[in-house]
2 protein chains.
Amino acid sequence: MSNIRAVADLAGVSVATVSRTLQQPDLVSPKTRAKVTSAINKLDYKPNLLAVKFRSGKTHNIVVLVPTVANVFFARVIRGMQDAAAAEGYALLLVNTMGDDDTEEKYARMVQTSQADGVVQLRAFNPFPEAPSDCDELLPMVNACETLDAPNCPTVSLDNRRAATAMTEHLIALGHSHIAMVKGPKHSPLTRERMMGFKDALRAANLQYCEELMFAGDFTLHSGYEAADRLLSQNYPISAVFCENDEMALGAICRFKEAGLRVPEDISVSGFDNIAFANYSDPPLTTIAQPAEEFGETAINLLIDVLKGKTKRAMKVILPFDLVTRKSTGPAPEKPVNFSS
Amino acid sequence: MSNIRAVADLAGVSVATVSRTLQQPDLVSPKTRAKVTSAINKLDYKPNLLAVKFRSGKTHNIVVLVPTVANVFFARVIRGMQDAAAAEGYALLLVNTMGDDDTEEKYARMVQTSQADGVVQLRAFNPFPEAPSDCDELLPMVNACETLDAPNCPTVSLDNRRAATAMTEHLIALGHSHIAMVKGPKHSPLTRERMMGFKDALRAANLQYCEELMFAGDFTLHSGYEAADRLLSQNYPISAVFCENDEMALGAICRFKEAGLRVPEDISVSGFDNIAFANYSDPPLTTIAQPAEEFGETAINLLIDVLKGKTKRAMKVILPFDLVTRKSTGPAPEKPVNFSS
DNA sequence: TGTAAAAATGTAACGGATTACATCGGAGTA
DNA sequence: TACTCCGATGTAATCCGTTACATTTTTACA
């Protein structure tokens, strides 16, 4: 691999001139510039960016911690991030962390070892354990989608609570009063917020919240299927199920159909996220649309502001949601089915 | 950020000793080692990996060019790659290229600019345009999933042709003789190979291949839906549709149901890939299972062999497939429906 | 105790590009 | 002609670890 000295020799100039030809061409006379350019081409010279980044201390890399790239919603967020990053000359290093704390810490350490300038974290976990969470200085990190409770880290999130309220109100308006919920992972803030919104709506409608109607899941198709299975074998009558994401809703619908139930005639099912499959399922899914690409764009732009020192305080951005009603929710049946009977 | 010299000063030793303490501790006496370690902790010293990599010329980074991380199949391949890479101490830099040639060339250039050691390419495109494709020297690249026709690049692929034959034979065995195909992108080798396999099976069964029954798609849900739409408005009778991936199959099923057709009673539909949704759709999808994680592992291991100079010739690995029969395919109806009539 | 061998540690060159500062030469002006 | 100024170019320090080689210390054994 040829280096800048080889180019300088061939062109009969100093290395400084070669560097300037590439970085600030207007400081170099046209004649010299031509000689250098020709030497560069002849040698097929490519600057060693590792050296450049080492010297300058700026990598223009951003590490993105993604719980699962398999999640269709995250895939959209990633697309948004890529556009924003490309526009600012940053490269994205995606890491599929499987939600593992150690993996996230390991990759976040790329910042401390000068391999990346900042981190976008899509999960509510602080991968910089030693960093003081009090407000001294901003972390080189932005948190998106799930809300991390850290005052020194900008955040982009949805108003999950209100969104869950809107969905629940939709179900209540259809006449449902026995509503179950399939929740996400226990420690996810998303789950907490969406559950609060769910309770808000129940309370406002004078409906009773019932712990037995809450079913655990983990955002996968399979866990939705299993939750529906447990739901079918318990004693409370239920006419609607609010799932905390689309994958679980689709898994649940699958199980209900196996049991001979019709969606939405016998039971209404709703999701959250509005993934592509939601529009092609049978029936198409009522869900909450999130501006996924915008999440990504906003996160990257916030991070770049932090990296450039433009921001002093950690911004908390909240993006709007949209209730998308399709065919998986409908009027409550006369009398909610009591499955186990 | 403290550096190795600061540590050396605090510990009262030379930088070489600090370096050795970290790299080859057994060359350092226990007493010195203790002093150095304590200094490292006191200063919270983290070696600048950019400097390390710059000096050593090895980055231990692998760039992975992924057409779309949104594709559920690729997500599984990525997981396999991560396991294999982690085991060998390599970090994966995932790039969502959107199948764009320029983006791929740009990121592949990370190898030439010393920012990465090698590339895994999941698409049939050579992102090193200037590299001679004749056999002189192996490219620092491995090609997986789609088969790139480059003699100097190791490849991991499925026997797509035989897999397509197996699927077609399955349909023929169910009595179908009017079989349509929803294809992938025109220039994808996958499409070419699967179509050849499709034709092989038709020929072997003395069935006529008919160009009018081939519908274009691009591997998205929507394109499957649209292909089904076109299929419904043409003149040939059809009793089965072989879709080149699961997303398109699910999109097609959606459209067929809208048209009031029953799957599989009126029309059988099959997919390819066996993504998670395939098992939770209505009806569950008959498809070809690919060992996705194994694709990833094999690709990484082949690449590391190349990077370490262990391999001289470009290996061509072919992984096995598995026909998974579910409920979306069934016996051919007495008389295939002619839709437009 | 002396000497050779082995172990521990230090010195300094090195990798590739950037950039502050130094130098040189030519244009412009009095 | 002499002097100033500016544009163009060169010199060399610098970023931070690694490592070949040199030097010092310790160990082992005659």
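Here the structure is a predicted model, which is why all the values come from computation and not from measurement. Protein chains get the first letters and strands the later ones, always in sequence-line order, with residue 1 at the start of each. Note that these values count all heavy atoms, side chains included, but never hydrogens, waters or copies made by symmetry.
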(message) With a strict under 4.0 Å distance from non-hydrogen atoms of chain A, what nucleotide opens and what nucleotide closes the contacted stretch of DNA chain C, reading 5' to 3'?
(response) C/dG16 to C/dT19
For the residue pair [X] and [Y], establish whether any side-chain heavy-atom pair is separated by less than 4.5 Å.
| X | Y | value |
| --- | --- | --- |
| A/L303 | A/V120 | yes |
| A/F219 | A/P67 | no |
| A/K53 | A/N61 | yes |
| B/P140 | B/D117 | no |
| A/V28 | A/V36 | no |
| A/T32 | A/T17 | yes |
| A/N96 | A/T68 | yes |

(request) Using the test side-chain hydrogen bond (donor to acceptor under 3.5 Å, both in side chains), find all partners of A/Q112 that sit at least two apart in sequence or belong to another chain. (result) A/E130
(message) Does this structure show an ion pair linking A/D100 with A/R123, if we count only N-O contacts that are shorter than 4.0 Å?
(response) no
(request) Taking heavy atoms of chain A and a 4.0 Å limit, find me the 5'-most and 3'-most nucleotide of DNA chain D within that range. (result) D/dA8 to D/dC16
(request) Using a cut-off of 6.0 Å, state whether more than 12 heavy atoms not belonging to A/K58 lie near its atom NZ. (result) no
(message) Please list, in numerical order, the residues of residues 12-31 of chain A that have a heavy atom closer than 4.0 Å to any atom of DNA chain C.
(response) A/A16, A/S19, A/Q23
(message) Under 4.0 Å, heavy atom to any atom of DNA chain D: which of residues 52-61 of chain A qualify?
(response) A/F54, A/R55
(message) For DNA chain D, which residues of residues 41-51 of chain A approach it to below 4.0 angstrom with any heavy atom?
(response) none
(request) Just say parallel, tilted or perpendicular for the rings of A/Y90 and A/H60, cut-offs at 30° and 60°. (result) parallel
